[in-house]
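Okay, so here's the structure we're looking at.
In this chain, numbering begins with 1 at the start of the sequence shown.
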Amino acid sequence: MSKLGNLGARLHRGEVGYDFVKNRKIWYGLSILITITAIVGLTVRGLNMGIEFQGGAVFTTPKNTSASVSQAEEYAETASGHDAIVQKLGDGSLRIQVAGIDTDAANTIKNTLADDLKLDSEQINAELVGPSWGEQIANKAWQGLGIFLVLVVIYLAIAFEWRMAIAAFVALIHDITITVGIYALVGFEVTPGTVIGLLTILGYSLYDTVVVFDSLKEQTKDITKQTRWTYSDVANRSINSTLVRSVNTTVVALLPVAGLLFIGGGVLGAGMLNDISLSLFVGLAAGAYSSIFIATPLVADLKEREPQMKALKKRVLAKRAQKGETAPEATAEESYAEEPADAAPAVVGPRNQPASRSRGRGRPSGKRR
């Protein structure tokens with residue numbers, strides 16, 4: 001078995017582990033700091049909305065245009081009076097994007113660009129995008145996001161409980177805020193591809209969270225019938241038992257997305273790949289983080305506010321104080337929920353009866369009748 005596989009098995013059995021829940025205030029503080037940074041970036045810089053949301057025109061030059069990207073950008077900005085985004089496509093043509101212009105201005109800009117690039121105006125293809133279409137896309141995206149979050153909360157409240165639904169909701173909002181804030185700080189253009197990426201990461205984030213919640217639900221059955229483990233202990237065990245699985249799932253998902261972002265977007269200069277891959281990359285990483293460091297510790301916080309869990313924690317800590325123990329380690333043969341309150345050694349046979357007299361009782365003697 002590989003070292004990682006062996007570590008995963010030991011984590012699952014509870015032989016080793018890290019106390020994520022105990023250090024939850026550190027994770028909360030780190031998340032708050034990242035979220036505040038994202039909100040500040042979103043407030044100060046704002047989102048760089050694409051032409052699909054603002055309206056404007058896209059001009060495409062013929063193949064193997066001699067002008068460079070910087071030259072075409074300078075020509076477009078001079079002709080339009082607006083910021084321009086220029087991308088060189090694989091066949092050598094240029095894609096010049098100018099937002100916030102109307103049809104009459106687009107025709108004038110097209111003719112000016114043709115003169116500057118020493119091309120015939122008919123060789124430049126112009127596509128106009130109205131702002132109403134982008135507004136419809138944005139509204140549909142907000143509606144889809146709202147419906148998704150409502151359905152998620154309802155499902156988790158039914159399948160698990162309302163505390164887990166609240167924790168998952170907070171984790172999802174955390175992931176969306178960080179991803180959108182990174183977009184504002186980096187300055188990447190927000191396009192319909194970005195919206196698709198944002199909606200996609202919600203599913204990944206929710207998947208990791210539900211995996212931990214399912215383990216937590218299974219291990220907390222009848223937890224109040226024992227005095228060895230608190231709810232936080234069980235929550236921490238659930239995180240550790242699924243940790244390697246969550247890390248493996250995230251890494252496998254991030255590798256192709258990183259290829260799209262750094263190779264497809266950075267090396268090949270494919271703009272649409274940048275739009276969707278950045279949202280996926282940041283969202284997947286944030287989703288894995290929130291499922292481990294935010295969602296489950298938050299459930300433990302909410303759960304231990306219940307009177308039953310408060311009483312359980314008090315009994316457990318009192319018992320540990322009497323024995324001078326910290327949280328005991330679980331072995332492969334025991335689970336948190338099944339440990340009796342005060343387990344006594346099993347007695348074989350009647351009390352004070354010699355083992356030799358009880359041996360073989362109830363078995364055939366072997367004599368033939």
Does Q123 reach the main-chain N or O of D120 with its side chain, forming a donor-acceptor pair under 3.5 Å?
-> yes

Does the side chain to side chain contact (heavy atoms under 4.5 Å, CB included) test come out yes or no for T250 and D208, once each step is laid out?
-> CA-CA 9 Å; T250 303; D208 282 340; 3.7 Å; yes

Between T179 (side chain) and D175 (backbone), is there a donor-acceptor pair under 3.5 Å?
-> yes

Test item: T194 and I276 side chains (from C-beta on) under 4.5 Å apart, heavy atoms | no

Has the side chain of R315 got a donor or acceptor atom that lies under 3.5 Å from a matching backbone atom of T227?
-> no

pair Q71-D116: side-chain heavy atoms closer than 4.5 Å | no

So, for S205 and L172, which heavy atoms are closest and what is the spacing to 0.1 Å?
-> OG-CD2, 3.8 Å

Between atom CZ of F213 and atom CZ of R163, what is the distance when rounded to the nearest 0.5 Å?
-> 12.5 Å

Taking atom CG of L185 and atom OG1 of T37, what is their separation to the nearest 0.5 Å?
-> 7.5 Å

Distance col, row T35:OG1 vs L42:CG, nearest 0.5 angstrom, shows 12.0 Å

With side chains defined as the heavy atoms from C-beta onward, is the minimum distance between T230 and L312 less than 4.5 Å?
-> no

So how far is it from L254 CG to L284 CG, rounded to the nearest 0.5 Å?
-> 5.0 Å

Evaluate whether atom NZ of K313 has more than 12 neighbouring non-hydrogen atoms of other residues, nucleotides or ligands under 6.0 angstrom away.
-> no

Option from K217, Q219, E218 for which side chain to side chain donor-acceptor pair (under 3.5 Å) with S215 holds | Q219

Determine the minimum heavy-atom distance between G283 and I201, stating which atoms define it.
-> CA-CD1, 3.5 Å

Side-chain (E306) to main-chain (Q308) donor-acceptor, under 3.5 angstrom = no

Might you work through the side chain to side chain contact (heavy atoms under 4.5 Å, CB included) test for I34 and H174, ending with a clear yes or no?
-> CA-CA 9 Å; I34 296 174; H174 167 272; 5.9 Å; no

Can you name the closest pair of heavy atoms from A295 and T209 and give their distance?
-> CB-CG2, 3.8 Å

Check the pair Y207 / S291 against side chain to side chain contact (heavy atoms under 4.5 Å, CB included), numbers first and verdict last.
-> CA-CA 9 Å; Y207 169 78; S291 64; over 6 Å; no

Should the ring pair W27 and F293 be called parallel, tilted or perpendicular, given that the plane angle runs from 0 to 90° and is split at 30 and 60?
-> perpendicular

Smallest separation among heavy atoms of Q226 and I223, with atom names | NE2-O, 2.6 Å

Would you say the side chain of V86 lies within less than 4.5 Å of the side chain of Q97, judging by non-hydrogen atoms?
-> no

When hydrophobic residues are tied together by side-chain contacts of less than 4.5 Å, even through go-betweens, does L199 share a cluster with I147?
-> no

Which atom pair, heavy atoms only, marks the closest approach of L156 to M164?
-> CD1-O, 4.2 Å

Would you mind telling me which of I124, L94, N125 makes a side-chain contact (heavy atoms from CB on, under 4.5 Å) with F59?
-> I124

Here the pair of heavy atoms bringing A235 nearest to A300 is CB-CB, 4.2 Å

Sidechain-backbone polar pair: E73 side chain, A76 backbone, donor-acceptor under 3.5 Å | no

For residues D301 and Y28, is any side-chain donor paired with an opposing acceptor at under 3.5 Å?
-> yes

Check: L30 and I26 side chains under 4.5 Å, non-hydrogen atoms | no

How many angstroms lie between atom CG of L202 and atom CG of L145, to the nearest 0.5 angstrom?
-> 6.0 Å

Exercise: do S70 and S68 side chains pair donor with acceptor under 3.5 Å | yes

Do I154 and F160 belong to the same hydrophobic cluster, where Ile, Leu, Val, Met, Phe, Trp and Tyr are linked whenever their side-chain heavy atoms lie under 4.5 Å apart, directly or via other members?
-> no

Do N240 and F20 come within less than 4.5 Å of each other through their side chains, counting heavy atoms only?
-> yes

Can you measure from CD1 (I109) to NE2 (H82) and round to the nearest 0.5 angstrom?
-> 7.5 Å

Any donor-acceptor pair under 3.5 Å from R237 side chain to V234 backbone = no

Quick one: do the S232 and E304 side chains pair a donor with an acceptor below 3.5 Å?
-> yes

Do you see a donor-acceptor pair shorter than 3.5 Å between the side chains of T249 and Y204?
-> no

Intermediate values then yes/no, side chain to side chain contact (heavy atoms under 4.5 Å, CB included), R24 and V21 = CA-CA 5 Å; R24 58 189 178 273; V21 177; 3.4 Å; yes

Same hydrophobic cluster for I36 and I173, using side-chain heavy-atom links shorter than 4.5 Å among ILVMFWY?
-> no

Could you walk me through whether R320 and D233 pass the salt bridge (Lys or Arg N to Asp or Glu O under 4.0 Å) check?
-> CA-CA 13 Å; R320 290 178 186 173; D233 294 332; 2.5 Å; yes

Transitively linked via ILVMFWY side-chain contacts under 4.5 Å: V40 with I182?
-> no

Would you indicate whether the side-chain heavy atoms of L47 and Y183 approach each other to under 4.5 Å?
-> yes

Can you get from V251 to V211 by hopping between Ile, Leu, Val, Met, Phe, Trp and Tyr side chains that sit under 4.5 Å apart?
-> no

Taking the side chain from D19 and the backbone from K22, do they hold a donor-acceptor pair closer than 3.5 Å?
-> yes

Side-chain contact test, heavy atoms from C-beta onward, threshold under 4.5 Å: evaluate it for V152 versus F169 and give yes or no.
-> no

